[in-house]
Q: 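Here it is, the structure in full.
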Number of protein chains: 2
Amino acid sequence: MGHDVLSEKPQLNLFESKNAPGRKPLKRPAPREKVPSSRRKKGGGPLTAEQMGAQQREISVAEFFTKNRHLLGFDNATKALLTTVKEAVDNSLDAAEEAGLLPEITVEISPLKGLAGARSGTNGAGSGKNGDPNAPERFVVAVTDNGPGVIKAQIPKIFGKLLYGSKFHRLRQSRGQQGIGISAAGMYGQLTTGIPTAIISRTGKGRPAHRFEVLVNTQKNHPETVTDEEVEWELDHGTRVEIALEARYQRGKHSVDEYLRQCAVANPHARFVYRAPDGEETIFERGIEDLPASPKEIKPHPYGVELGVLMKMLKTTKATKLKAFLSTDFSRVSLAVASEICDVAGLSQNAWVSRIAREDADRLYQAIPRVKIRKPPTNCLAPIGDEAIKAGLVKEFEPDFVHAVTRAPSVYRGNPFTIEVGVAFGGKLPGDQSVKVIRFANRVPLLYQQSACAIQKALGSVPWRNYGVQHPKGGLPVGPLVVFVHFASVWVQFTSESKEAIAHYPEILKELRLCMQDCGRVVGRHIRRQKRIADAEKKRSYIEKYLPHIGIALQEILDLTDAEREEAFLRLIGILNRSRKF
Amino acid sequence: MGHDVLSEKPQLNLFESKNAPGRKPLKRPAPREKVPSSRRKKGGGPLTAEQMGAQQREISVAEFFTKNRHLLGFDNATKALLTTVKEAVDNSLDAAEEAGLLPEITVEISPLKGLAGARSGTNGAGSGKNGDPNAPERFVVAVTDNGPGVIKAQIPKIFGKLLYGSKFHRLRQSRGQQGIGISAAGMYGQLTTGIPTAIISRTGKGRPAHRFEVLVNTQKNHPETVTDEEVEWELDHGTRVEIALEARYQRGKHSVDEYLRQCAVANPHARFVYRAPDGEETIFERGIEDLPASPKEIKPHPYGVELGVLMKMLKTTKATKLKAFLSTDFSRVSLAVASEICDVAGLSQNAWVSRIAREDADRLYQAIPRVKIRKPPTNCLAPIGDEAIKAGLVKEFEPDFVHAVTRAPSVYRGNPFTIEVGVAFGGKLPGDQSVKVIRFANRVPLLYQQSACAIQKALGSVPWRNYGVQHPKGGLPVGPLVVFVHFASVWVQFTSESKEAIAHYPEILKELRLCMQDCGRVVGRHIRRQKRIADAEKKRSYIEKYLPHIGIALQEILDLTDAEREEAFLRLIGILNRSRKF
């Protein structure tokens, strides 16, 4: 029993707002954190539609994420520190690479002096900060890079406004993609210390360096500039960001130290200097002197666009006729392919784009999958490369054996992606623990939520036992094994905005598994060879150890001369060496 | 080695933007889906700071969630249908309750006619829709309620703009909290079918009913009204929402049917009529004729506010002096408590609120946890109540035994919350499968991501074996058992915006566990009693079955008369009945 309950639709180009005559719009109440007086008078009783209407308000995205900060990676004090460093370093790497510069990045974390530090125990009274080792403290995170700098006009919005950036609308692999990260970090700092984000930037040698202090106005999601002045600065070009926040510093897993080490492995063309809160300085020198090939921006692929997106593209395109629109605004659509799409859709190639209504757009949408179109270009991706992966693993872990595979790119919903896996085995790696998994997405280390990540799910489904590695059922393999996985895409589907784990789409799980199996097979051959060598060694040493005694015994039993004993001894060795059963 | 790298801060009330002299701001490029010409000319080479600046753009929250729709519950076609129904029904229930009306809600799902239906296989050519049973189809979801209606002026924004709503800024339990749901559903419908959301609403008998068709302009995140007209309508007051979307309809787990059934259990005061796509109609009648007590809005509690929020409250408060601010804008802060906070902070009670700079605000912030303040009021919560929970479980599952517990409210980060658990055991429940878990947050059923949810985590950590229920290590209990859990709060921390699973905060896990144990103990007593009864029954039937034969045998062996045999028989029975070892 179906019915089209919605009446006939007008053309797409009649989308004007109609002002409703008669009724005066209600004034929105002033933003307050108190119970509005209209409700108080009524004693909190039932509301009318007018009263409910008066309560409707816009929520700024900054307010939204303040209340939902666990969605952005600020759910606890340790993670907040890491997320802040991560966002700043991501931006620095992206900027330097886009400007064609070898990145040089300094990360400094220092305790914040001047105030008594953070308070502890927001749920209880009188618990006093001193003596509680788990109480968060306050730090200043300062990240400096040698990138191209940020022009003055853009600084407030980039650092003081959420959902503002350059990468969201492009189809090109980059670390940042949402336009949220650094402003969210600044907002979190502001929330916990009240101190604005400080930025120094210079875009070239002859130009002045500018210093800004910026706050996020959370009610309106726009920046408030507290300070804007010219300063002296030692770098010719680059950016320095300082955020003061409540955080907890610890070493080991999930630490800034671990993150920077992995960053250095994935970005051998970058140099990192790291100053920890206790003053200790660590330098990660460059491994190579070449920038990786720069990924190119691509146009959307027709297989990936939904009807609504297609309709929007029809509205905003520069092209006037349908065939030109298809061949210009999409990747892999030649004039011939564009013709074919029009034919299959039953539309004229010369149809005016502005006159294409919903039903025609839908015909187009239905026609596209019936036309054969080449896969999208993959020069929009920048894999790390198997040589670089192997070099990084060798340097970090000193294994016996290492192998890496970069798989040919695939496509998901019109978005190209590629997977690289590196495996290190043996050597200095401890043999009795679960595999160490190192995850990267678009060259950014993923340190949290490993069990929610598609990478772990794929890893557990690979038959590692076939490769000679212990693998308990339902768990992860055990042994002196490190598996490095890099997922690179123009748009990574994460499980939340904090970008900590990759979502479990079947196409992606399949590719992950296949890539891991490619690597696993090669490692398996190595492991089997090692086993054979070890067995042969065991045999040889057995012979060395016991045979002389057998020889002497034989001599007595058979009454052999010394020479006969030697000869028998050598023949025995020969037979044993050749024997397979031994 | 710490240093305060940020210079002295000006007063809070000097937050003016300073216009930068000299440099002209760069014009943002027109929104296009193409590679900008500036990049094309350079052949995609390295960019300057100016060029990168030119690429910076605002990203509307609607665009953001279009790309990240899995964050809102639209990751696949089945879920999209459920999420759409859920959002509309949540709004209807909230609105009716706020207006003091017993909710009456009709949900209709019908196939969308008029077009050839959705296409299949966006990743391949020539795979044609017909014959692919897994291809999504198109449906119209229509939800009608008898609520107070929505005033005309608010309709476009409520349905055509993300992050617009009435509940985000209030501290009061409600189903909706983010101001995203229904606009996101409409946006998803628009994305997959191009059809606008249709709304009919009337706010009272004498007033006209209005019909709107609204689209979300994703680039600006504001509504576009396609249609706005007065119509005839049969209801005196209420709202009807119609969304056409690509979806998949299925019965069983994760289905709309299951969702509405659970909704009916949790909201016995509401009446639901459900029309499935095949025309089948199901009615869930009211269980009770009273509305639940309406939760009251409360003011924020001092223990829960962060420094940044406190600073913002100081800026926007109506109060002029510090003590008045504290005692008016917070809950549980009497004049005496306000005095004490000022004293501990070392600030004057009569300090002008507008002159409180960051350092003083920080002293306030540090002082608050050192002052004893009563827990927040809990009349902002609306638990379902143990009687209603038991009634619902009995009606649904026909168990032998049922018990429910509503725990006294707790507080997390200043937000009151309460947990209710109901357990049903035995009867018609199948005995050989894992426990069935029914989860609710703020009276809304949670149907997805059970393994990511704090509720499941807590459930697995309860020692069910102590209560006589099988419980394999590391897994969930097994048996004829249903566990119903309701988490009610003024702000539920979910793991993502799709509101499918509750985040694992320790305080919440602890309360969940304690509540489940309260219930589990009572069920355990029942199970043990049942076991004793069963054992006694076994014993009795054994006696009935075998003893006569023993009696006859004894008679022969001992040469007893019939009377003697009877007497011995009865004494034997007496002894056996009293014996514990038997």
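Here is how names work: the chains are called A, B, and so on, in the same order as the sequence lines, proteins then strands, and each is numbered from 1. Because the structure is a prediction, the values reported are computed rather than measured.
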Q: With rounding to the nearest 0.5 Å, note down the distance linking CZ in A/Phe64 to CG in B/Leu162.
A: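 These two atoms lie 9.5 Å from each other.
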Q: Please list, chain by chain and in numerical order, all residues satisfying ring-ring contact (aromatic ring centres under 6.0 Å, His included) with B/Phe330, sequence neighbours excluded.
A: B/Phe325
Q: How would you list, by chain and number, every residue that makes a side chain to side chain contact (heavy atoms under 4.5 Å, CB included) with A/Pro156, sequence neighbours excluded?
A: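 Counting only residues at least two positions away or on another chain, A/Pro156 forms a side chain to side chain contact (heavy atoms under 4.5 Å, CB included) with A/Phe212, A/Pro223, A/Thr225.
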Q: Measure distances from B/Phe494 to the heavy atoms of chain A and classify the residue's part below 4.5 Å as side chain, backbone, both or neither.
A: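 Just its backbone gets close to chain A.
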Q: Determine the minimum heavy-atom distance between B/Ile59 and A/Tyr164, stating which atoms define it.
A: CD1-N, 4.1 Å
Q: Out of A/Gly308, A/Gly204, A/Ala503, A/Ser201, return the one with the most heavy atom pairs under 4.5 angstrom to chain B.
A: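 Most pairs with chain B among the choices: A/Gly308.
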Q: Under a 4.5 Å heavy-atom cutoff, which of A/Pro148, A/Gly100, A/Gly189, A/Ser60 has the most pairs with chain B?
A: A/Pro148
Q: Taking side chain as everything from C-beta outward and backbone as N, CA, C, O, which of these in A/Ile158 sits under 4.5 Å from a heavy atom of chain B? Side chain, backbone, both or neither.
A: side chain
Q: Identify the heavy atoms of B/Val309 and A/Leu191 that sit nearest to each other, and give their distance.
A: CG2-CD1, 3.6 Å
Q: Over all heavy atoms of both residues, which pair between B/Val61 and A/Val61 is shortest? Give the atoms and the distance, please.
A: CG2-CG2, 4.4 Å
Q: Nearest 0.5 Å please: distance from the CD atom of B/Gln219 over to the NZ atom of A/Lys312.
A: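 Result: 4.5 Å between the selected atoms.
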Q: For the OG1 atom of B/Thr203 and the CD atom of A/Glu50, what is their distance to the nearest 0.5 Å?
A: 5.5 Å
Q: What's the separation between atom CD in A/Gln154 and atom CZ in B/Arg57, rounded to the nearest 0.5 Å?
A: 12.0 Å
Q: Heavy atoms, side chains only, cut-off 4.5 Å: are A/Glu58 and B/Lys161 in contact?
A: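 Side chain of A/Glu58 against side chain of B/Lys161, heavy atoms only: contact under 4.5 Å found.
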Q: Show the nearest heavy-atom pair for residues B/Ala95 and A/Met52, with the distance to one decimal.
A: O-CE, 3.6 Å
Q: Looking at CG of B/Leu47 and CD of A/Glu98, how far apart are the two atoms once the value is rounded to the nearest 0.5 Å?
A: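 The CG atom of B/Leu47 sits 5.0 Å away from the CD atom of A/Glu98.
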Q: Report which part of A/Glu97 has an atom under 4.5 Å of a heavy atom belonging to chain B: side chain, backbone, both, or neither.
A: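 Answer is neither: A/Glu97 stays 4.5 Å or more from chain B.
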Q: Atom CZ in B/Arg358, atom OG1 in A/Thr193: separation rounded to 0.5 Å?
A: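 Reported value, rounded in 0.5 Å steps: 6.0 Å.
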